[in-house]
Amino acid sequence: MSYEPYNHKEVEPKWQNIWDENEAWVTGEDKSRPKYFAMVEFPYPSGQGLHVGHPRPYTAMDIVSRKRRMQGYNVLFPMGWDAFGLPTENYAIKNQIHPKVVTKNNVARFKGQLRALGYSFDWTREINTTDPEYYKWTQWIFMQLFKKGLAYKAEMPINWCTSCKVGLANEEVVNGVCERCGSEVVRKVKSQWMLKITEYAEKLIEGLDGVDYVEKIAVSQKNWIGKSTGAEVDFTVKGKEEKLRIYTTRCDTLFGVTYMVVSPEHPILDKYKDEIKNWAAVEEYRAAAARKSDFERSELAKEKTGVVIDGLSAINPVNDKEIPIFVSDYVLMSYGTGAIMAVPAHDSRDWDFAKAFNLPIIEVVAGGKDVQEEVYTDVADGILVNSGFLDGLKVADAKKKMIEFLEEKGIGQAKTNYKLRDWVFSRQRYWGEPIPIVKCDKCGYVAIPESELPLQLPEVESYMPTDDGESPISKMTDWVNTTCPCCGGPAKRETDTMPQWAGSSWYFLRYCDPHNSEALASKEALDYWMPVDWYNGGMEHTTLHLLYSRFWHRFLYDQGVVPCKEPYQRRTSHGMILGSNGEKMSKSRGNVVNPDEIVDEFGADTLRTYEMFIGAFDLSASWQEDGVRGCRRFLEKVWKLQTIMTDEEGYSSDLEGAMHRTIKKVSADFETLKFNTAIAAMMALLNEFNRKNAVTKGEYKTLLCLLNPVAPHITEELWQIIGGEGYIYQQKWPEYDEDKTVENTIEIPIQVNGKMRGTVSVSRDASKDEVLAKAKEAVAGKITGSIIKEIYVPGKIVNLVAK
RNA sequence: GCCGGCUUGUCGGAAUUGGCAGACGAGACAGACUCAAAAUCUGUUGGUGGUAACAUCGUGCGGGUUCGACCCCCGCAGCCGGCACCA
């Protein structure tokens, strides 16, 4: 057979064009076929273009999508752009180019790069969060949240980025600095739009039961929501009617309380200002705390600081003991009630604080070491002591009994708390969705009529936030001044915009029906396509994006807009691709690899194969150029098989088992994200052909079909060269026969006292006695003493225990 | 400090989840082809001892459970990631 060396520069564009002409990846309209909705996280189209990290998840889900098509599913595998965001805006500010233009250019670049990688995205369903026809529905969903009371304005201390001049959600503050720009974050009071995600805390926990998320993702969702059950207890302020309410998960330790702590923002301080003798010191402490971010206040291994409130003290309601009250920044106003009871014997933070301030430590759970020397927190099996009516009880029983007592006396009650906080939804920025609300002096905040959606971004002269931190839109008085939809009087539009998370919180719905102008998607489309069957994304989104989008989706379900409670049936995550030095790729480290160069030199199929072969999909992996070369070599060997191909359509008898085993392994590994071992299995099969120096046409075809999802261009070309029917992407996924995956004679390892001493060949259905007899014979000279125990795991191993 | 994850040859990484540790790839070494090199092909390749058969050690460290442990349990160290001292 004539043979030309493999030229990826010809073959890859050729097939990309043919797929386009054939509309090979346009989603089928036949809703009687079983559907499969596979989704990757849509990218933010940054100015840097695609990074080698992007193709890892895209290739993985492309493999799944291509396999599903070959299995006969109607596949929806869409792509879009999460295009609102700060880098674009910052670029616009710097260069005075409209962010719309910047976005358009970046999208064009990304799209070209993705095309060159041969992904089977259905581009007829492309979406862009900055398109008014898209954000019309983002605004519409916000409006529904507003109408149901889940969007509200609140004056509250927020995280304020001194550089971006925007408020950040707690979730967006990383290591005490702004997640996006790295500048210092301080606390500032501002009126913000908030979304009541906390109202959905319980539903968001429950929803995890019905879906298939990778364990660690489900765990981080739960930890983030942070449900805890405990009790609220009222302590009396001595000599006053005033009650100081605390939240505790350890109400069994109430007898061990030796002091109380309130957060620096606690209202009780201002209220009794005049009676606090050391007010100057308290005020100074508060001022210092206000300058710190939550993160700094919670910084590790920090010395406990605080000031005793001289002039106020509290009475422990269970034993009427008088105890001091401190103010300290280790207590946060944003969790619980902003005040705690301190039990130094059994809480390490309280213990540290008590040691620092020389406060008494009273043991109330026995079982640890001396609590004066060491805190005792792991009290699951502990028994209550020094605790009046709780003495002798186990911790769990003591909790129950104490709650009964508190409720009976009216001084406390059981209470469930969540760590989750409401979502700060406003940004004082230009490049985001306008919030479709006006403020009227008479009517307050009013939603604009739905018929006026989309509320489009006005053109502004400068994208720079104003010095007072208001959005640049606030200067557009023509746009800002409007009439109240309620009373017709003068009103002002909201000038804050939505965060980038908004557009990505529902995009999967739009993919189902992207051109619908009547609704975010038709009921028919949603009924058929939702939920997303498999959603893969980065670990960095497992708390923020995932939780926000689940929240919006669950809300829409409650409103009857979507047919299912949860948006994603299965969620997996991929690991990062690191530089060859094992560090994160970054310009400053000089270890960035540009995928364009790899595609140019080695081809898209090689890049795809390498990114899948690089290591376990969910772990980070470091980029090795030698590994890329190895994958190119593999593909070239597959290419060369055409020179040793015979005309037989079937499998040769000596390789039949290997063929069936490989089909089985590759099929299973693609489902469990073990792309690396799937490719290794195909390499091993190829080596078999080369060892024989022959491959039948039937064997070759099967290998090409298995490899096609990973390396679609070269396999398509080879399919044509060897005269396969139609296109390879239209073939059926290879099937295997379970019986043929098992070999008739198997090698059984023989151990003596747990150490390998040899192997024996036996037939697959050999009896235990037969195997043991052979085994003893095989290792006869290696046994000292007599055999006292014989272990045979059928088909696996023999272990002879001798003494 | 808390919560996850990780630690296996020279390197990237496998190991059907308690059953032959090191698949597959890379690198290195040797050979073939070549005037030569590259490419390609073939072979060898965890350490130690031995001509060899083979023996022995070996999955971060220390213990344990088990006929048998990379895998399970207890303790420790190092690295990576996340974090909101959550009472």
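Note that this is a predicted model, so its numbers are computed, not measured.
A donor and an acceptor atom, one from each side chain of A/Thr59 and A/Glu611, are nowhere located under 3.5 Å apart. Side-chain contact of A/Asn536 with A/His574: a donor-acceptor pair under 3.5 Å is present, judged by distance alone. When only modelled atom types and interatomic distance are considered, A/Tyr418 and A/Glu202 share a side-chain donor-acceptor pair under 3.5 Å. At a cut-off of 3.5 Å, with distance as the only test, no side-chain donor of A/Asn417 or A/Ser228 sits close to an acceptor on the other residue.
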**OP:** Represent RNA chain B in dot-bracket notation, 5' to 3'. Only Watson-Crick or G-U wobble pairs with both distances under 3.5 Å count; pseudoknot-style crossings use [ ] and interstrand partners use |.
**Re:** (((((((..(((......[....)))((((((.......))))))((((....))))..(((((..]....))))))))))))....

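For the P atoms, the distance from B/C29 to B/G47 is 15 Å, rounded to whole Å. Rounded to the nearest Å, the gap between the P atom of B/C61 and that of B/U40 is 38 Å. For the C1' atoms, the distance from B/A84 to B/C3 is 12 Å, rounded to whole Å. Taking atom P in both B/G12 and B/C20, the straight-line distance is 24 Å, to the nearest Å. Atom name C1', nucleotides B/A55 and B/G64: the rounded distance is 28 Å, in whole Å.
Rounded to an integer number of Å, the gap from NZ of A/Lys755 to C1' of B/G58 is 12 Å. Distance CG (A/Leu547) to P (B/G82): 18 Å, rounded to an integer number of Å. Straight-line distance from the CD atom of A/Glu232 to the P atom of B/A87: 14 Å, rounded to whole Å. The interatomic distance linking A/Met682 (CE) with B/G25 (P) rounds to 13 Å, in whole Å. Atom NE2 of A/His346 and atom P of B/C86 are 18 Å apart (whole Å).
Glycosidic conformation of B/U10 is anti; the angle lies outside 90° of 0. Regarding the sugar-base torsion, B/G9 falls in the syn class, its angle being within 90° of 0.
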**OP:** Go through the steps for A/Tyr330 and A/Thr305 under the test side chain to side chain donor-acceptor pair (under 3.5 Å), then give the verdict.
**Re:** CA-CA 8 Å; A/Tyr330 83 92; A/Thr305 62; over 6 Å; no

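In this structure, the ring of A/Tyr259 has its center less than 6.0 angstrom from the ring center of A/Phe353. Ring centroid separation for the pair A/Phe326 and A/Phe357 comes in under the 6.0 Å cut-off.
With hydrogens and angles ignored, the 3.5 Å screen pairs no side-chain donor or acceptor of A/Asn799 with any backbone N or O of A/Tyr792.
When the nucleotides B/A84, B/C24, B/C41 are ranked by their closest atom to the side chain of A/Trp224, B/A84 comes out on top. You'll find that the side chain of A/Arg633 is closest to B/U40, out of B/U40, B/C86, B/A87.
In this view, A/Phe551 and A/Tyr200 satisfy the ring-ring contact (aromatic ring centres under 6.0 Å, His included) rule, not counting sequence neighbours.
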**OP:** At under 4.0 Å between heavy atoms, which parts of nucleotides 10-20 of chain B does protein reach? Answer with one letter per nucleotide, 5' to 3': B base, S sugar-phosphate only, - none.
**Re:** --BSSSB--BB

